[in-house]
Number of protein chains: 2
Amino acid sequence: MKHIAELCGVSVATVSKIVNRKDDDVKEETRLRVLKTVEEEGYFINTLARSMKTKNTKTLGLIVPDIKNAYYTDTSRGAEDMAVRKGYTLFLCNTDDSINKEISYLVKLMEKQVDGIIIIASMERDVEMEELLKINVPFAVLNSSTNYKDYAVKVQVDNYKGMYEGVEHLLGLGHKKIMYLQGETRLSFGEERFRGYKDALEKHGIAYDDNLVATTTFNVEGAYGYLRENGLVPETTAIMCGNDLMALGVLNWAKEECIDVPGDLSIIGYDDTIFSVISSPKITTVNQHCHLVGEILVKELLEKIDSEDFTQRMIPVASHLVVRESTGKPMIH
Amino acid sequence: MKHIAELCGVSVATVSKIVNRKDDDVKEETRLRVLKTVEEEGYFINTLARSMKTKNTKTLGLIVPDIKNAYYTDTSRGAEDMAVRKGYTLFLCNTDDSINKEISYLVKLMEKQVDGIIIIASMERDVEMEELLKINVPFAVLNSSTNYKDYAVKVQVDNYKGMYEGVEHLLGLGHKKIMYLQGETRLSFGEERFRGYKDALEKHGIAYDDNLVATTTFNVEGAYGYLRENGLVPETTAIMCGNDLMALGVLNWAKEECIDVPGDLSIIGYDDTIFSVISSPKITTVNQHCHLVGEILVKELLEKIDSEDFTQRMIPVASHLVVRESTGKPMIH
DNA sequence: TTGTACGCGTTATCAA
DNA sequence: TTGATAACGCGTACAA
């Protein structure tokens, strides 16, 4: 800036005003002259120096277990979209669900003076909360049941409703025996979905049956392996799965057993990923609006940063069922 | 730092030495006292101020078309892994292949004084090159045929070899009529793969046949739609696809037509994504080592940053064939 | 309409 | 073993 000022024969104050578009009081002629020199010299504003004065960096930290997991990828992308739109840039932080990596990143972000932090953590941990207490920067957490201090924004996906709608869809088609093949998790959403499953059944006068609920891993092999080993409870005509990969596993098993989908068996997945649409038949699934969730996380976080309102907020985001080809009326035998 | 200094009754210089571990000459007692206060006060070093002095930010920019594309996700993850390992943090920049977004990010990164930039761009563009010329920061580009200035590191995936190996695998199994269903692209790798296909055939004494090459989009519908419309050239017993999704499209079509895979038709995909392993049969495919490529990009970039050696480098990365269930000997009719 | 001077939080140098 | 101070590049009062 000093260099530019000298070249143009003006002071740095003048250059500063111009590059920051606070140039109401500078002559059009000098404005143009300075801008031209800026262009010619390939000058870039040094935001480091600026931030020292302004006390903000227009930078956020994005903490995510693993960007390779489709769910997090979409959410991250939504976060990034909103961030650019608002003039912010994101630091990408993968933690692999390791508390050490997470803390190490948290420290790094503080050192880098980020204006806020988005935490899309999959684990529930109190250790982290303790650590967070020293972090006096606004942050936004997704799907956390932890009770953070006041500068937190909590965004919650409505897992209860997503599950409820799925089961209701099956009940509406006439299914009576609906299995729930859930994924293993210590997170609160597992319990919420379970409630959704149970409530939907009871609301429609169907007794809850423990034998119809099974737990396995969140992938193709998990679901496939479970059915291969245990088969179906007699008269089961539909399965709700923990995610689309599990639904795919069920589909593969059904094919092998010559069970027609959806003729003999209806299947519902969860997440509405590409998997639900490349399979044949295409899978009915619950869309959680990951991209939107990412956008909301950033939007709410920035609002918290801008306002002086430091009360904890909770923002719910609805899920909705996407009906495709893997569900239909149960055959009458 | 000043605050800590005052609390401990020492100078900022002393505190600085201690937090930077340049404390050979400070008394153990004061060291401990300062460290304790740092801990108690929840003090974090301000890297903004540090960077103003040291002239580096330990920060890199990661420019990528879209993190949601599995190929870029993996590469990005590899880049991030290497970055943390080396003490660097990444700015995440999705461009959606928009030249405007890219330039806007490039400017932002310069303003943020990044030490280097990784460009995993999918488009080939000279405009960008012109723009880059003003960017006097080291950068690493993946799969670009553009001839950049000396501070660039170029990493190239060996698409020729990947394709060559795939075709050779089919020839080894006894296939004579091998279709190449390629994806539409303006990138140089398209041409390289095509050469790989041709050369492998010729090397094995099989004449190249124009009719066996078709172009469609890089997804399930592209491949499925093409075959549905045009069918197979008579006597074709194998297909090389542009990526795994296309291979999946071929598989779906084959199922519909009651064509057995690999009995009647062998299929090879490209990228070794999860798709090649969730399908049935599992798809033989070419692994491009995306994660490794990401690591290499960062590693080479950092070497360039550290060294004063400013000559353009080119680093090749091999691909290799992963044989699974979708390829086999052609049936003799 | 433009310029001067100061402060932002650090690091490095050199003196005490 | 410790401390004083200049410099880094910018934004902003206030003065001219």
Side-chain angles (χ1 to χ4, degrees), chain A residues 1-38 41-59 87 89 107-115 136-137, chain B residues 1-38 41-59 87 89 107-115 136-137:
Chain A
M1 193 174 264
K2 197 167 148 199
H3 178 61
I4 301 288
E6 279 166 5
L7 281 179
C8 294
V10 297
S11 75
V12 288
T14 307
V15 178
S16 173
K17 282 180 194 166
I18 295 170
V19 299
N20 287 301
R21 285 175 185 67
K22 306 202 170 172
D23 44 13
D24 333 332
D25 62 354
V26 358
K27 215 193 303 176
E28 182 66 4
E29 184 216 311
T30 51
R31 203 179 70 86
L32 260 35
R33 184 156 43 97
V34 168
L35 250 28
K36 186 156 160 275
T37 314
V38 163
E41 297 289 307
Y43 164 79
F44 295 101
I45 262 271
N46 184 328
T47 57
L48 263 38
R50 168 188 288 167
S51 293
M52 291 200 64
K53 270 305 277 187
T54 62
K55 297 288 167 203
N56 63 42
T57 55
K58 295 285 180 186
T59 286
T89 314
V107 170
K108 242 184 194 169
L109 292 175
M110 291 305 292
E111 293 182 345
K112 292 201 181 288
Q113 315 293 118
V114 294
D115 297 338
N136 58 340
V137 132
Chain B
M1 193 174 264
K2 197 167 150 197
H3 178 62
I4 301 289
E6 278 165 6
L7 282 179
C8 294
V10 296
S11 75
V12 288
T14 307
V15 178
S16 172
K17 281 178 195 167
I18 295 170
V19 299
N20 287 300
R21 286 175 183 68
K22 305 199 171 175
D23 44 14
D24 334 331
D25 59 356
V26 356
K27 216 194 303 175
E28 182 66 5
E29 182 216 311
T30 50
R31 200 179 74 88
L32 260 36
R33 182 159 42 101
V34 169
L35 248 28
K36 186 157 159 275
T37 315
V38 162
E41 298 290 307
Y43 162 80
F44 294 101
I45 262 273
N46 184 327
T47 57
L48 263 41
R50 167 187 288 168
S51 293
M52 290 201 64
K53 272 302 279 187
T54 64
K55 296 290 169 197
N56 61 43
T57 55
K58 294 284 177 186
T59 286
T89 315
V107 170
K108 244 185 193 168
L109 292 175
M110 292 305 292
E111 293 181 345
K112 291 201 181 290
Q113 315 293 119
V114 295
D115 296 338
N136 56 340
V137 132

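FYI, side chains are in, hydrogens and waters are out, and symmetry mates aren't considered; it's all heavy atoms of this structure. Just so we're on the same page: letters track the sequence lines, and every chain starts at 1.
In this structure, Leu48(B) CG and Lys53(A) NZ are separated by 14.0 Å, a value rounded to the nearest 0.5 Å. In this structure, SG on Cys8(A) lies 11.0 Å from CG on Leu32(A), to the nearest 0.5 angstrom. We find the OG1-CD1 distance between Thr14(A) and Ile4(A) to be 13.0 Å, quoted to the nearest 0.5 Å. The distance from the NZ atom of Lys17(A) to the NZ atom of Lys22(A) is 11.0 Å, given to the nearest 0.5 Å.
With sequence neighbours excluded, the residues satisfying side chain to side chain contact (heavy atoms under 4.5 Å, CB included) with Leu7(B) are His3(B), Thr37(B), Glu41(B). Taking the salt bridge (charged side-chain N to carboxylate O under 4.0 Å, His left out) definition, one finds that Asp24(A) meets it with nothing, sequence neighbours left out. The side chain to side chain contact (heavy atoms under 4.5 Å, CB included) test applied to Ala13(B) returns Ser11(B), not counting sequence neighbours. Evaluation of the side chain to side chain donor-acceptor pair (under 3.5 Å) rule for Arg31(A) yields Glu28(A) as partners, not counting sequence neighbours. Every side chain to side chain contact (heavy atoms under 4.5 Å, CB included) that Ser16(A) has, sequence neighbours left out, goes to Met1(A), Asn20(A). Take Glu6(A) and apply the side chain to side chain contact (heavy atoms under 4.5 Å, CB included) test, not counting sequence neighbours, and it matches Lys2(A).
Listed in residue order, the members of residues 107-114 of chain A having a heavy atom less than 4.0 Å from DNA chain C come to none. Contact check of residues 8-26 of chain B against DNA chain C (heavy atom, cut-off under 4.0 Å) returns Ala13(B), Ser16(B), Asn20(B), Lys22(B).
Contacts between chain B and DNA chain D, taken as any atom within less than 4.0 angstrom of a protein heavy atom, begin and end at dT1(D) to dG9(D). Where DNA chain C meets chain A (any atom under 4.0 Å from a heavy atom), the bounding nucleotides read 5' to 3' are dT1(C) to dG9(C).
Nearest-nucleotide positions on DNA chain D for Lys55(B) and Lys27(B) put Lys27(B) closer to the 5' end.
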I'd like a table of donor-acceptor pairs (distance under 3.5 Å, sequence neighbours excluded) in which one partner is a side-chain atom from residues 107-115 of chain B, with atom names and distances.
residue	atom	partner	partner atom	Å
Lys112(B)	NZ	Thr57(A)	O	3.1
Lys112(B)	NZ	Thr59(A)	OG1	3.1
Asp115(B)	OD1	Thr57(B)	N	3.0
Asp115(B)	OD1	Thr57(B)	OG1	3.3
Asp115(B)	OD2	Thr57(B)	N	3.3
Asp115(B)	OD2	Lys58(B)	N	2.7

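Backbone-only contact: Thr30(B) has heavy atoms under 4.0 Å from sugar-phosphate atoms and none from a base.
For the helix from dT1(C)-dA16(D) to dA16(C)-dT1(D), the rotation axes defined at the first and last 5 base pairs enclose an angle of 40°, given to the nearest 10°.
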